[in-house]
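Within every chain, numbering begins at 1; the chains are lettered A, B, ... in the order of the sequence lines, protein sequences first and strands thereafter.
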2 protein chains.
Amino acid sequence: MKLQQLRYALEVYRHNLNVSEAADALFTSQPGISKQIRLLEEELGIQIFIRSGKRVVSVSQPGKAVLELSERILRDVQNIKNIGSEFTDHDSGSLTIATTHTQARYVLPRIVADFVKRYPKVELSIKQGSPTAIAQMVGSGEADFAIATESIDEHIELRKLPCYEWTHAIVVPHDHPLLDCRHPLSINDLSGYPLVTYEFAFNNGSSIARAFQKARIEQPKVALSAADTDVLKTYVKLGLGVGIMAKMAFDPKNDADLQLVDADHLFEPSSTYIALRPDTYLRGYTYDFINLFAPQLTRERIDKMLYMPIEEDFSI
Amino acid sequence: MKLQQLRYALEVYRHNLNVSEAADALFTSQPGISKQIRLLEEELGIQIFIRSGKRVVSVSQPGKAVLELSERILRDVQNIKNIGSEFTDHDSGSLTIATTHTQARYVLPRIVADFVKRYPKVELSIKQGSPTAIAQMVGSGEADFAIATESIDEHIELRKLPCYEWTHAIVVPHDHPLLDCRHPLSINDLSGYPLVTYEFAFNNGSSIARAFQKARIEQPKVALSAADTDVLKTYVKLGLGVGIMAKMAFDPKNDADLQLVDADHLFEPSSTYIALRPDTYLRGYTYDFINLFAPQLTRERIDKMLYMPIEEDFSI
DNA sequence: GCCGCTTACGTCAGCCGTAACGATG
DNA sequence: CATCGTTACGGCTGACGTAAGCGGC
C-alpha cells in the first residue's frame, strides 16, 4: 500500500468518481490513477469503487470505510509535514480561517492587522460562509479553524474553545415609532413591527429564538432575513422593519442614520467560539492568532482543552 | 514521504534507537533503514533522532511528535488492511484480548469455547496482565481490546463499554471465628482479622477501598495482597486471613474447604468493562466476541458508543 | 578492536507517461 | 462518435542489498 494510492482513490472520489478529472487535478496521467487504484484494490482484495462496464459509478460499502481512513491518514501526513515546517521555518506557512460575516467584517480586521504585522510570511486566508459551511470547512481540513457565533453542526467532532460573549441590539431609523416608547423595550413591543435580522436568528438554540419563545410569540413577522449585518442595516435604513443585530456591528460613524437601542435585557448573551479538529498539529502562529483573538486562550489553555482526556459516561 | 520511512523510524524508536536491530526485525538491511530515515528527515527539514557522532542517542522534540503521528498513520493503514480481510475472508484473522486473571480464569473460558467453535479460523490470543498493563496493551495496539474490572489508566483515550456488575464475597476456612458471628457482617467485624485480597483492592476508586474508608478504617491489616484469586484462595485455606474476592471466582467444587460469606451489603458492586481504542476498525468476529461476553452489547450499541459524538463543556 | 552507522555503487522493481484499444451511451 | 477507462510498452527514478569506510567506547 502506498500513500499515493490512497491519495488517488480519494481524489477520484472527490471528483464525482471521474478518473480523468482527478488525474488533471493531480497533474498526472489518467492511466496512472486507474492502475494504482486497481493495484490497491487488488492488494486489499476488495473493490473500492463499483464499475459499470468501464465507468466508475459508485463507492462500495467497504470502499467508504477505506476512503474515510485514507482521509485521516493523509491528514496525518499533512500534520507531519507541518511539524517540519514549524521547526525549520516557524514563521511562514499558511493559515485558513473559516468564519461568518459579522466576525470577518467587524471583529477580525484589527486582529488580522496585528497578525500580518507579526507574521508577514504567513499566507493568511479567510473564508466566509454560513455556520454550517464553515463547520464543514474545518471538518474537511479545508480551513484550520472556524470562528463561529452560532451553534455548530454537532456530528463532526470539533473542539470548541469559548472566546467571548456579546449581545444583540435593536436598530431603527431615527423617526421610528418604537423610539417613542417610554418604558424599557419588551419583546412584545418588538413583535408589533416587522423584523429584519439574520437568517439563522430563529435556528434552534439561538438566543433570539429563545427570547421570542419565552414571550410566547411563535411566529414573529420577519420582513427580511439577511445573511450579513451590512445587508440587514441597509434594509433597516430603508424602513423595512426593526433590526436585531450584533451590537458590536454597529458603527456610529457609518450608521449615523440609524438609532441603536440596547437590548441586553431582551436577549441572552451569545458566545463566540473557535472550533477546530482535535487531531491537527497546530503551528506556533496559529496559537498566536487564537491568542490575539481571545487573550485568555494561551497556548497552555488551548492544549489543555484540545488534548484533555475525554470524560464519558455510558449507562448499560 | 513514504509509509516505509515512517515504519522504519518507528521501528528504530521501538528498538531503543538501535538501527541494526530494527533492520533485523524488519528483515531488511541496516543501510536501507539509515538512508530512508535520513531522507525523511531531509524532506521534513528536521532531525527526528539526535545523533552523537554516528550513534543515535535520543529522539528530538519534533521527532516525538512525528513518531506519534506515524504510529497513528500506521495503525490506520492496518485498519484499512483489516477492512480488506473482513470482506474477503470474514471469519479468519486474529483477535487479541488483554485481561486480568479473574476474567481469564473464571469468566472467559466458556465464552472462548463458544467463540472458537464459531470461528475456528480466528487466531485467538489472550494476554494476561495488571490493570495498567492491559490498558497499555490496548493503547499501543498490541491487544484489540481489554476486559477490565478495575479502573483503567485515564490518560489513554479508550472507550469503555460496561458489561456487567459483580460483587465481592468473603471467604474463610470452615473453622474461622468469623463464622460464629450471629449478626450480618460489618466492615468492623472484618477489620479484626488480617485480610487477604487483591493487590489493587486498595487502589483509589476501588469499592473495597471505599467501604473501608466509609467505616473510617484507614489502614486495614493486609496479610497478603495477591495478584490473582487462586493465590488468594490458597493462602486463605492456609489460614493466613480473611479473603475478600470476586464472588464469581468461588468454585464450590474446588473450594470445598472454604466457606463463602455473602458481602453484597458491605461492598458496592463493581463493573466489568470492555475498553477499546475508538479509532480501530472492528472485525465482525470482534463484535461477536463482545456480544458473547456481554449479550446486551449488540453491534449497533457498540457502534453507537464508539462513534457517538462527544459532549463537551469547557468553561472560560 | 569491535560495534554501529554512513558512504558508495550496482541492480532491479515499479511508477509514470505516451499511444493505441475498447466499451458505453 | 465522443467520452471515459483499460491495456501495452518504454524510460527512468529510486529503493534495496553488498561491500567498504570510519568514528566511538
Inset, instruction - Look at the aromatic rings of B/Tyr198 and B/Phe200 and report parallel, tilted or perpendicular, splitting at 30° and 60°. - result: parallel

Inset, instruction - Respond yes when some side-chain nitrogen or oxygen of A/Lys2 is under 4.0 Å from OP1 or OP2 of C/dC15, and no when none is. - result: yes

Inset, instruction - Pick base, sugar-phosphate or nothing for B/Gln36, based on heavy-atom distances below 4.0 Å to the nucleic acid. - result: sugar-phosphate

Inset, instruction - Scan B/Phe49 against the nucleic acid and name what it touches under 4.0 Å (heavy atoms): base, sugar-phosphate only, or nothing. - result: nothing

Inset, instruction - Quick one: label A/Leu39 by what it contacts on the DNA or RNA (base, sugar-phosphate, nothing), any heavy atom closer than 4.0 Å. - result: sugar-phosphate

Inset, instruction - May I ask you to evaluate whether A/Tyr8 reaches the phosphate of C/dC15, defined as a side-chain N or O under 4.0 Å from OP1 or OP2? - result: no

Inset, instruction - Please state how far atom CD in B/Gln5 lies from atom C1' in D/dG14, giving the value in whole angstrom units. - result: 11 Å

Inset, instruction - Choose from C/dA23, C/dT18, D/dG24 the nucleotide whose nearest atom is closest to any side-chain atom of B/Arg55. - result: D/dG24

Legend entry - Touch class at under 4.0 angstrom, heavy-atom based, for A/Ser20 against every strand present: sugar-phosphate

Legend entry - Test item: B/Asp91 side-chain N/O and B/Tyr119 main-chain N/O as donor-acceptor pair under 3.5 Å: no

Inset, instruction - Could you tell me whether A/Leu17 contacts a base, only the sugar-phosphate backbone, or nothing, with contacts defined as non-hydrogen atoms closer than 4.0 Å? - result: sugar-phosphate

Inset, instruction - For B/Gln30, answer base if it contacts any base atom (sugar-phosphate contacts may also be present), sugar-phosphate if it contacts only those atoms, and nothing otherwise; contact means non-hydrogen atoms under 4.0 Å. - result: base

